[in-house]
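See structure below.
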Amino acid sequence: MPKIEITIPGIPATQRPRIAAGGRAMYNVPAVKEWKKKVKEAAFLAQLQSTHQPPAEGVPVRVDFNFYLQWQKSTPKKVAAFNGDHTSKPDLSNLIKHTEDALTEARCWNDDAQIDTMTAQKFRCPRGEQRVEAVISW
């Protein structure tokens with residue numbers, strides 16, 4: 001089964017685009033633009049290193065996401081030095097949105113409607129090791 005493995009360093013943006021008064025103007029929050037740029041760069045690099053071409057239109061795609069987010073500042077250092085479960089905000093669905101959109105823009109697939117299976121998990125990790133790992137297979 002062909003696959004592309006992507007590691008995106010950093011903290012994913014979770015803010016939604018804002019709508020101005022009257023509901024007309026909409027713009028992306030700067031953090032979202034920066035995150036999408038990081039995702040696209042990592043995706044392009046992973047595609048260059050892969051021996052597989054992205055899936056053709058109509059081919060079902062599976063995506064597995066692992067989000068590694070830092071411990072809260074109040075966490076004791078002995079605990080914060082290890083990976084652990086993450087059961088607080090941000091919501092997993094908000095983490096997925098912008099990352100999935102950026103992978104679509106990076107042409108990891110033709111349309112995100114091709115995704116027929118998705119798994120996503122979030123974990124706590126030591127400071128400085130924040131990242132997202134994505135495995136795209138078809």
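Predicted model only: the values in this text are computed from it and were never measured. If you read the sequence from its start, that first residue is 1, and numbering goes on from there.
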Hey, quick one: are [X] and [Y] part of the same hydrophobic cluster, counting side-chain heavy atoms closer than 4.5 Å, chains of contacts allowed?
X	Y	result
Ile115	Ile136	yes
Ile6	Met118	yes
Val59	Ile4	yes
Leu92	Val39	yes

Here the salt bridge (charged side-chain N to carboxylate O under 4.0 Å, His left out) pairs for residues 53-69, sequence neighbours left out, are Arg62-Asp64

Any side-chain heavy atom of [X] sitting closer than 4.5 Å to one from [Y]?
X	Y	answer
Glu133	Tyr68	yes
Arg107	Pro54	no
Gln47	Cys108	yes
Trp109	Val63	yes
Val61	Asp112	no
Pro90	Leu69	yes

Of the non-hydrogen atoms in [X] and [Y], which two are nearest, and what is the gap between them?
X	Y	value
Pro12	Gly10	CD-O, 3.8 Å
Ser137	Lys3	CB-CB, 3.8 Å
Phe67	Val132	CD2-CG2, 3.4 Å
Ala43	Ala106	CB-CB, 3.7 Å

Between Cys125 and the options Lys122, Arg127, Glu129, the side chain to side chain contact (heavy atoms under 4.5 Å, CB included) test singles out Glu129

Can you tell me how far [atom2] of [Y] sits from [atom1] of [X], rounded to the nearest 0.5 angstrom?
X	Y	atom1	atom2	answer
Thr119	Ile96	OG1	CD1	9.0 Å
Glu5	Gln49	CD	CD	11.0 Å
Lys36	Leu103	NZ	CG	10.5 Å

* To do: For side-chain contact (heavy atoms from CB on, under 4.5 Å), just list the numbers for Trp138 and His52, CA-CA rounded to whole Å, side-chain angles, deciding distance to a tenth of an Å, and then say yes or no.
  => CA-CA 10 Å; Trp138 61 97; His52 303 291; 3.8 Å; yes

Using modelled atom types only, decide if a donor and an acceptor are shared between the side chain of [X] and the backbone of [Y] within a distance under 3.5 Å.
X	Y	value
Asp111	Ala113	yes
Gln130	Gly128	yes
Arg131	Ile8	no

Have Thr99 and Trp35 got a donor and an acceptor in their side chains that come within less than 3.5 Å?
-> yes

Residues passing the salt bridge (charged side-chain N to carboxylate O under 4.0 Å, His left out) test with Lys40, sequence neighbours excluded, are Glu105

